[in-house]
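Here is the naming used below: chain letters follow the sequence lines, and residue numbers restart at 1 for every chain. The basis for the numbers below is simple: all heavy atoms, side chains too, and nothing from hydrogens, waters or symmetry mates.
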Number of protein chains: 2
Amino acid sequence: MTLTDLRYLVALARERHFGHAAERCNVSQPTLSVAIKKLEDELAVTLFERSAADVKITDIGARIVAQAEKVLLEAGQIKELATAGRDPLSGPLKVGVIYTIGPYLLPHLIPRVHAAAPSMPLLIQENYTARLAESLKRGDLDVIVVALPFEEPGIVTQAVYDEPFRVLMPAGHAWEKEEAIAASSLAEAPLLLLGAGNCFRDQVLEVCPMCRSGEGLQRTLEGSSLETIRHMVATGAGITVLPSSAADPLPDGNALLNVRPFVAPEPFRRVALAWRVTYPRSGAIDVIRSAILASPLPGVRPVSR
Amino acid sequence: MTLTDLRYLVALARERHFGHAAERCNVSQPTLSVAIKKLEDELAVTLFERSAADVKITDIGARIVAQAEKVLLEAGQIKELATAGRDPLSGPLKVGVIYTIGPYLLPHLIPRVHAAAPSMPLLIQENYTARLAESLKRGDLDVIVVALPFEEPGIVTQAVYDEPFRVLMPAGHAWEKEEAIAASSLAEAPLLLLGAGNCFRDQVLEVCPMCRSGEGLQRTLEGSSLETIRHMVATGAGITVLPSSAADPLPDGNALLNVRPFVAPEPFRRVALAWRVTYPRSGAIDVIRSAILASPLPGVRPVSR
DNA sequence: GGCGTTGTATAGTTAATCTCTATCGCATTG
DNA sequence: CAATGCGATAGAGATTAACTATACAACGCC
């Protein structure tokens, strides 16, 4: 029993004439004849009474035809589902973002994606890189925004932008008069750091090897956020390093805080998109990339593909 | 897209492993692989993300699988319907009976058929032979009980029983002392006849050629029934001829009526079943035949097949 | 970092099936 | 009784579906 057989069956029930039914199905009369006979043999039921005068459907035949119509209807729904699902910009997209990007990117990203792909709602999760990677591989996320380096089997990454680091210090700090800060100076002041698990913490420590080795005065704030740290800096608890997108939006004449770049070569992080190689909705990812690049993130430099 | 493809699809969605899914479908892994790929091409949608680690279903894939399950479920119903409908003794049987048999046969027939085939309800229509024949050919009836001769293209008949004719006369009639009546005598008395269209009327006239030619005293009672005629005979309005099943059930010592056979050779009618050659439920017809033969119709002689 | 393992895709072949044209057989009709 | 209409059947050809064998990719393990 195939869907084709059922189509023949329904056509014959409608036409009550093998020739006409065959024509409607764009097949020859013998083809339809044989198919119906095969169906009857398979079901071990007489579906039609053939006579010279006309073709009559049996009681059981009528019931089976009604069921066959239901099957064909449901099968048609499959094609409709496929057509509707063909558009990579339709259907929800599960996006993951690391904590140190989310608060600065998402407010810009979400409306831009919605404008570009109105029928692609975003389901967003913020988390550590490691957790995002796990969810991505498991299929709980479709695409994630992380900082490089990020290497995972089965995952491809695409750099989107580079983002320089800034030094944040309270108003009245000794370095206030400096134009730019040398990375090596970081060990001299109490440096406020995010907790373990945040890749940005590691990247900052990378910038300041002395801090990493524990020679500096750094203090780790577990379970905190860049925003909390910023407030702490404002109260004079120490200095910190922020990505430009988090540091630069502040009005430069902020009463409590000063932002300074590093001296060249500026340390920076490279932010990338990552998804499973097998993920089929590449169009959706393109939309995300474009929306990120269209977002006004101060200080960032796009990475050409 | 075939039902087989959908079965593969559902299996793969369940197993999330091409090899295991193929095994469950009793096909080789490449067969299933190719089928899924063909489906994906046809629907122009990626249903699964294949990777070394595992097989993930896409969002659209999951929706299509759910729909495929629905299709397969409905398709399975077809087989169930066929199985249920395979029994010729299941489902209603549309039976037609001529007016001069129905009242005497049906009270016996119906309970016997119900006993033999409890899930085959009878839908019964009484009518003239010509009308029954029309309904039978149109498919409004499945089998009819008529008197022979009955020849119709596409219709087969099977004699069931022979039924002798009887003479019915009022008590005190001149022929009361006769053991048997000669057919030729019928022209001498007022003979009450059914209206045109009843085959039994013609058969009676056949018995008595003089009556047919209008030489007798016959009176036709249009729109009447054998029972009405019997009452009229009882009131002395004339005599009549009845089939034995209608005449003999009377207690012989009926105060108002006398029943006499004809002198040999007794005139009789041959009652038969008729159905379309193409009618598939021959088992149902066998049940009807058996039930008729098991009915206590006085005077009738079974006709061996 | 090469190598074995696991798992899917591809190639090539064979077998089944589907569909076609041509024709038969049956029944009705003029 | 020939003509016609219609479904069934036969035989050929083409398509498709299945198999086996093998390639290929990704990961894990010494």
On DNA chain C, nearest-nucleotide positions of B/D54 versus A/S28: which is more 5'?
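First, find each residue's nearest nucleotide; the 5'-ward one identifies B/D54.
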B/R16 or B/P153, whichever maps to the more 5' nucleotide of DNA chain C:
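First, find each residue's nearest nucleotide; the 5'-ward one identifies B/R16.
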In whole angstrom, what separates [X]'s [atom1] from [N]'s [atom2]?
X	N	atom1	atom2	value
A/K56	D/dC6	NZ	P	14 Å
A/L47	D/dG7	CG	P	15 Å
A/L32	D/dC6	CG	P	15 Å
B/Q29	D/dA25	CD	C1'	14 Å
A/E49	D/dG7	CD	C1'	15 Å
B/K37	D/dA18	NZ	P	17 Å
B/D41	D/dT16	CG	C1'	15 Å
A/L12	D/dG7	CG	P	8 Å

Considering the options B/L148, B/I98, B/V146, which one meets the side chain to side chain contact (heavy atoms under 4.5 Å, CB included) requirement together with B/C199?
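Per the side chain to side chain contact (heavy atoms under 4.5 Å, CB included) rule, the option paired with B/C199 is B/I98, out of B/L148, B/I98, B/V146.
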Residues A/E206, A/R269: salt bridge by 4.0 Å N-O rule:
no
Counted 5' to 3', the first and last nucleotides of DNA chain C within 4.0 Å (strictly under) of a heavy-atom of chain B are C/dG7 to C/dT28
B/K38 or A/V277, whichever maps to the more 5' nucleotide of DNA chain D
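Between the two, 5'-proximity favours B/K38.
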Map B/T2 and A/V34 onto DNA chain D by nearest heavy atom, then report which one ends up closer to the 5' terminus.
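Between the two, 5'-proximity favours A/V34.
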Short side-chain N/O contact to D/dC6 OP1/OP2 from A/H20, under 4.0 Å
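It does not, given that no N or O in the side chain of A/H20 lies less than 4.0 Å from OP1 or OP2 of D/dC6.
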Less than 4.0 angstrom between a side-chain N/O of B/T31 and OP1 or OP2 of D/dA17, yes or no?
no
For the side chain of B/R86 and the backbone of A/L43, is there at least one donor-acceptor N/O pair under 3.5 Å apart?
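Such a contact is found between B/R86 side chain and A/L43 backbone.
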Has B/R131 got a side-chain atom pairing as donor or acceptor with B/E126's backbone, closer than 3.5 angstrom?
no
For the helix from C/dG1-D/dC30 to C/dG30-D/dC1, measure the angle between the helix axis at one end and the axis at the other, each built from five pairs, rounding to 10°.
10°
Which atom of [X] lies closest to which atom of [Y], heavy atoms considered:
X	Y	value
A/F200	A/T100	CB-CG2, 3.8 Å
A/S51	B/T278	CB-CG2, 4.1 Å
A/G102	A/V97	N-CG1, 3.4 Å

Spacing of [X] atom [atom1] and [Y] atom [atom2] [to the nearest 0.5 Å]:
X	Y	atom1	atom2	result
B/L47	B/E40	CG	CD	4.5 Å
A/F48	A/D54	CZ	CG	12.0 Å
A/I285	A/L93	CD1	CG	7.5 Å

Classify B/Y8 by what it touches in the nucleic acid, base, sugar-phosphate, or nothing, heavy-atom distance under 4.0 Å.
sugar-phosphate
